[in-house]
Structure formats: C-alpha cells, structure tokens
Enquirer: 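Dumping the structure here so I can ask a few things about it.
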Amino acid sequence: MDFDLPESAQAVRDGIAAVTAKYGYEYWDKCDADHRWPEEVFRDLADGGWLGLAIPEEYGGGGQGLLELAVALETLASSGAGAAASFIYLLTPGFGALTVSRHGTEEQRRRLLPKLATGEIETCFALTEPDAGSNAINIATHARRDGDGWLVKGQKIWISGVERADYMLLVTRTVPAAEARPRTSGFTVFLVDVKAGVEAGTLSYRPIPKMGTNTVASSMVFLDDLRVTEADVLGQVDAGFAVLWDILNPERILAAASGVGGAEAALRIAVNYATERAPFGKPIGTNQALAFPLAKIKAQTELARLMTYKAAWLWDRAQPCGSEANIAKLTASEAAWQAADRTFQTHGGMAYSLEYPVARMFRDARIGKNIPVAEELVLAHIAQHDLGLPKSY
Ligand SMILES: Cc1cc2nc3c(=O)[nH]c(=O)nc-3n(C[C@H](O)[C@H](O)[C@H](O)COP(=O)(O)OP(=O)(O)OC[C@H]3O[C@@H](n4cnc5c(N)ncnc54)[C@H](O)[C@@H]3O)c2cc1C
C-alpha cells in the first residue's frame, strides 16, 4: 500500500506510531469524556518535532509538506484518537503553520513559525458565521479602516480551540459583500492576538454545548471593535480569498486523512470483535452479512487514502487541487461513517456500552460528513467543476 509514499512520509508513519503506542483507546475515551485536551500526546508530538513537520527548516520545522502532515494525522487517527487527532493537526500545524509558511511576511514567519513548530503558541481559524455557513462569500464580519489599522465587528460560530489559541486566523470583509466586484474580492485575513483581544474586552467567546469532539470546545465568538493593524494582515488586504483557499483545501485534505485513519481504527475494532465473538459457536465474522460490508469499506478506505495523498502532493507543489481535495474529503468521510456504522452493527448490544470506543467513533464520524464542508457542497463543487454542470447555488 505504501508504494507511492516518499521515505519522509514512511518515517512519519513510524514516528507517530511510536508515540501513539503509549496511548490506548481508554486514554482517548477519557479525554473526550472529561472534555480535556490530550496534553500528553500533544507534548510528545511537539517534542518529537511531529507538529512542525511542514514548517521550513530555517524556521525550526521539519521542512516537509502537507503530505507528511496528512500521514501524521492519519496515523494518529488510526491509533484510536478519532476527532481529537483532527484538532491536534488542524488547529496549529494546519491552520497556523501551513498558512503562515505560505502567506506570512518574513517578520510573521520569524516571529511565529519557530513557536508554532514547538507547540509553544497555538492557533484557531474563524470563518463560519451564524448567517453564512456554507456560503463564505456572505460573511458579514467587517473590518473598517481606523487610523493606521482597522476595527473589526462581527460574530463567528463554531470556532474550535479559541479557548487555547494565542492567534486566530480571522476571515473578514474589508469590502462589504454587496459592494464587492467580483464577490470573491474584498476579503482580508487577519492574525488576531486572541489573549490581547480578550483582555481589551473586544473579543469574547462562549462554548456551544455539543454532541462529541469534546477534546476542544467549539465556540461563538464576538468581535466588538477589535483592533488590528497592518502587521496582522495575512496575505494582501482585500485579496484574502487566495489565502482562504490555501486554508480550506488543506483543511479538506487533513479532514480526509482523519477520515481514512478513523475508518482504519473502526475496522480494526470491528474485525477484532467479529473474530472473537461466537454466540453460535463460530466467530460472527464467518457470516458474510457482517464480513462483506467491512470488506467493502476497506476497499473504499484504500481509495480515499490514495486521493488524499494525491491532493496533498498537489498542494505541496502549489498546483490546483480543489477537485482532489473535495473528492478525498467526500470519500474519506463516507468511509469513516460507514466504518463506524458497521462497527456499531458488528458489536450488537455491546455497541451501546461505553466500555468500547464505538459510541465515540460513531459520534465523531457522523459530523465528518457535515464539516469542515458539508457533503452537499462538495457534490455541488464536483458537479460544477468536474462535470461541467450548471452552478446550483
Ligand atoms: C464540531 C464543529 C467544529 C467546527 N469548527 C469550526 C472552526 O474551527 N472554524 C470555523 O470557521 N467553522 C467551524 N465549524 C463550522 C463548519 O465548518 C460548518 O458547520 C459547516 O461548514 C457547515 O455550515 P453550516 O453548519 O452553517 O450549514 P449550512 O450552510 O446552514 O447548511 C445546512 C445544510 O444545508 C445544506 N446546504 C446548504 N446550502 C446548500 C446548497 N446550495 N446546495 C445543497 N445543500 C445545501 C448543507 O449541505 C447542510 O447539509 C465547525 C462545526 C462543528 C459542528
């Protein structure tokens, strides 16, 4: 299966597997149940250099790319970490490190990348708004010019990890949607100092009670004349859409890697149970009604993995990867959900016991079909861009 992986990615797989060997399902179940960040694993990964993999070496990173980051996340998820793996790799190594590496100024790179590599500072990403979910073009959070900077007013929703973050990648409109021509212009992405905003009383947040993915909170965020300056701009003023796509495509690719790893973990649990459980005197896995769906999911998972690697490989070469990122995300999240559902079925009544990680996987895999981009929007993208059908929205 690893025939197409460069040696660097193979080494990442082995390195992450060595870290995760110390932590079993019980560890991840407990972090989720206690609503606790997996601090020990995060530290081990940071100390081993596994968080800064995609940061250039001159800024203290591993000098590798999104492909290696995707392999790291997949391996972590496959160890049983579930959604916790996504947050570990998306929030800081993904949103923060990848974006500052590609779009940051020299000053931002020197100031931030070495600390992002060691996990000393952390980041989160704020795009979604109550009235602009799937339709990012319609966001209303507005940064208006004020002296040598801007004052930002608006509201964001579902912002994961803001309570931990030192910096937030905040997507704003510096030209209101109604005036922007084309409508994708007039966006500016700012690197916001979260703690300074909280102290000044211009940034506040409130966690949303949620069904799962409990190792970080996901919050409403309120911005009330939050002050930002030229030094905080990530990319170009009014041209933030280019930066945004370089956040959204890696986000989809990393979410796909998480789905592939999650599917692997669920399949492993299902196969163990189906091999051991024998209410009629022979393992339940002997029955093709149980075995065939698992075999089919295994095939889907392998295909999703290939597309995930291809998308990451393209992104690393700054080549267009929108279709590949969307197809990877679609197929991997579906494989993860099918795997969780069939693992649930394979466990019979025991699926409902919290002694097994099945319930956690079931919850985590289900939201993967809706975030970071909903399945319908991915299908709309493929219909329009890959099939040439008329735009549906
Ligand atoms: C646990 C969690 C963590 C999150 N973390 C973050 C984060 O850190 N940062 C951040 O910015 N956001 C975050 N989000 C938000 C997430 O990205 C959005 O929930 C997601 O993009 C979907 O947007 P929405 O919920 O507004 O759905 P909506 O856009 O309201 O869509 C609702 C449903 O309608 C369908 N639909 C909408 N428009 C169309 C159309 N044109 N054609 C067909 N179907 C359509 C959608 O597919 C979906 O099924 C998080 C969400 C969750 C649940």
Side-chain angles (χ1 to χ4, degrees), residues 32 35 37 82-96 98-99 122-141 154-165 167-173 183 187 189-190 192 194 203 205-223 234 240 243-245 247-252 254-256 258-259 262 325-326 329-330 333-334 336-337 360 362-385 389-393:
D32 192 73
H35 293 228
W37 181 250
S86 300
F87 289 116
I88 287 176
Y89 268 100
L90 264 170
L91 295 178
T92 296
F95 297 144
L98 284 180
T99 318
E122 296 179 41
T123 51
C124 68
F125 168 55
L127 169 65
T128 310
E129 298 186 2
D131 294 327
S134 303
N135 191 0
I137 303 274
N138 255 357
I139 63 163
T141 294
Q155 198 173 320
K156 298 284 178 181
I157 189 169
W158 286 116
I159 307 313
S160 300
V162 61
E163 75 285 5
R164 299 185 56 78
Y167 290 91
M168 172 191 284
L169 283 80
L170 175 64
V171 186
T172 68
R173 271 211 168 271
R183 295 187 70 222
F187 283 86
V189 181
F190 292 100
V192 168
V194 175
L203 188 161
Y205 52 87
R206 189 175 67 228
I208 301 167
K210 57 179 178 173
M211 178 175 161
T213 68
N214 290 320
T215 56
V216 287
S218 301
S219 299
M220 300 282 299
V221 172
F222 307 93
L223 308 159
L234 198 45
V243 180
L244 184 57
W245 272 116
I247 301 173
L248 297 181
N249 279 326
E251 183 185 41
R252 285 168 200 193
L254 290 174
S258 173
N326 276 294
K329 196 283 171 183
L330 177 77
S333 62
E334 180 62 19
W337 166 242
R360 173 170 59 85
F362 195 74
R363 281 185 272 124
D364 288 359
R366 185 60 189 84
I367 194 61
K369 281 163 70 78
N370 292 18
I371 64 169
V373 54
E375 196 165 272
E376 291 78 6
L377 271 293
V378 171
L379 290 169
H381 186 282
I382 296 169
Q384 184 190 341
H385 295 277
L389 288 167
K391 188 171 179 174
S392 63
Y393 55 94

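Only a predicted model underlies this, so the values are computations on that prediction, with no experimental measurement involved. Remember, it's 1-based here, ligands and their atoms both numbered in the order they're listed. As a basis for the values below, the full set of heavy atoms in this structure was taken, side chains included, without hydrogen atoms, waters or symmetry mates.
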Enquirer: Could you point out which residue of Arg183, Glu129, Arg173 forms a side chain to side chain donor-acceptor pair (under 3.5 Å) with Asn138?
Expert: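 So the option named by the test is Arg183.
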
Enquirer: Check whether the ring centres of Trp337 and Phe362 lie less than 6.0 Å apart, and answer yes or no.
Expert: yes

Enquirer: List, pair by pair, the atoms of ligand 1 and of the protein that are both N or O and lie under 3.5 Å apart, giving the separation rounded to 0.1 Å.
Expert:
residue	atom	partner	partner atom	Å
ligand 1	5 (N)	Trp158	O	2.8
ligand 1	5 (N)	Ser160	OG	2.9
ligand 1	8 (O)	Ser160	N	3.0
ligand 1	9 (N)	Phe125	O	2.9
ligand 1	11 (O)	Leu127	N	2.9
ligand 1	11 (O)	Thr128	N	2.9
ligand 1	11 (O)	Thr128	OG1	3.1
ligand 1	12 (N)	Thr128	OG1	2.7
ligand 1	17 (O)	Pro372	O	3.3
ligand 1	21 (O)	Pro372	O	3.2
ligand 1	29 (O)	Ser134	N	2.9
ligand 1	29 (O)	Ser134	OG	2.6
ligand 1	47 (O)	Glu376	OE1	2.7
ligand 1	49 (O)	Glu376	OE1	3.3

Enquirer: Which pair of non-hydrogen atoms, one from Trp158 and one from Ile208, has the smallest distance, and what is that distance?
Expert: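 Where Trp158 meets Ile208 most closely, the heavy atoms are N-CD1, 3.7 Å.
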
Enquirer: Report the residues that fulfil salt bridge (charged side-chain N to carboxylate O under 4.0 Å, His left out) with Glu375, sequence neighbours left out, ordered by chain and then residue number.
Expert: Lys369

Enquirer: Considering non-hydrogen atoms only, spot the tightest contact between Leu127 and Ile159 and give its length.
Expert: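 Of all heavy-atom pairs spanning Leu127 and Ile159, the closest is N-CD1, 4.1 Å.
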
Enquirer: Does the side chain of Thr141 pick up a donor-acceptor pair with the side chain of Thr172 at under 3.5 Å?
Expert: no

